[in-house]
Amino acid sequence: MAETLRRVLGRGRAAEPVEDSAAEAESPLLLLGGPGSGKTALLFAAALEVAGDGRGPVLFLTRRPLQSLPNRTRAALDPLRLQKIRFQYPPSTGELLQLLCSAHEARGPTPALLLLDGLEEYLAEDLGHQEAAYLAALLLDTAAHFSHPVGPGRGCGLIVALQIPEEGDSGDALQLSLLQRYFPAQCWLHLEAPGPGQRCFRACLEPGGLGPRAEWWVAFQPDGEMTVTPWPTQSCDPNSNKGSSTGGHP
């Protein structure tokens with residue numbers, strides 16, 4: 001799903017071609033950032049992107065309803081796109097697991113994209129590493145199940161958003177390392193110096209070997225509008241400054 005985020009952050013510019021047409025659907029992506037870093041806004045933008053490209057609906061899983069639309073764009077106000085985004089709100093890890101396990105029983109069009117916002121809230125329910133691995137594997141298995149009916153190149157993508165604490169402990173690091181084994185593609189959101197009334201972040205896309213790394217400057221206005229511009233240099237290193245709460249990953 002790195003190419004979907006590349007299109008979103010590239011403001012509609014065509015993504016570089018990928019030799020394997022099925023690579024995008026087969027490469028789940030982990031979206032990482034601190035509190036208020038725009039993870040939900042990027043998930044919603046990805047949902048709008050896929051909802052508008054003529055494919056199937058988008059299944060958006062989150063623990064609680066969104067209070068408002070994250071992006072004030074023409075696409076976000078397009079009723080045809082919004083109708084293709086199906087929100088579901090599993091309130092606990094148990095209900096999330098039940099929803100995923102029963103996905104094969106669902107009727108209707110097969111989703112083209114599966115999104116999960118707030119993975120950290122489910123992991124906070126005293127899940128051990130084994131349970132966290134099971135949840136990650138079940139998410140991948142559900143996306144693979146949705147991909148089966150449509151065939152190669154048109155499968156169901158998967159993007160999961162995870163909040164990274166500003167000061168993590170060894171347990172957080174082990175859990176993140178475990179999740180990264182299931183999600184080879186990642187997008188990190190680094191906090192940057194804000195402008196007047198803005199929240200600004202550096203989006204660093206690491207596609208997991210399926211394409212070039214890329215970076216963008218992402219700014220959120222007080223009204224929620226998101227603006228994106230290319231970062232001056234394309235030298236993203238997701239392994240740098242991981243232990244810093246100011247210059248590293250928020």
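Worth saying up front: this structure is predicted, and the values here are computed from it rather than measured.
Glu125 places a side-chain N or O within 3.5 Å of a backbone atom of Thr93 that can act as its donor or acceptor partner.
Qualifying side chain to side chain contact (heavy atoms under 4.5 Å, CB included) partners for Thr62, counting only residues two or more places apart in sequence or in other chains: Phe60, Tyr89, Asp117.
Looking only at side-chain heavy atoms (C-beta outward), Leu189 and Leu42 come within less than 4.5 Å of each other. A heavy-atom distance below 4.5 Å is not found between the side chains of Glu192 and Phe201. No side-chain heavy atom of Leu115 sits less than 4.5 Å from a side-chain heavy atom of Ile85. Leu114 places none of its side-chain heavy atoms less than 4.5 Å from the side chain of Val160. A heavy-atom distance below 4.5 Å is not found between the side chains of Leu191 and Ser37.
Here CG of Leu140 is found 5.5 Å from CZ of Phe183. Values are rounded to the nearest 0.5 Å. Here the straight-line distance linking atom CE of Met226 with atom CG of Leu9 works out to 6.5 Å at 0.5 Å rounding. To the nearest 0.5 Å, atom CG of residue Leu5 and atom CH2 of residue Trp216 are 8.0 Å apart. Distance OG1/Thr110 to CG/Leu59: 11.5 Å, rounded to 0.5 Å.
Screening Pro232, Cys200, Pro230 for a side chain to side chain contact (heavy atoms under 4.5 Å, CB included) with Trp217, the sole residue that qualifies is Cys200.
Listed by first then second residue, pairs satisfying side chain to side chain donor-acceptor pair (under 3.5 Å) with a partner in residues 130-143 number zero, not counting sequence neighbours.
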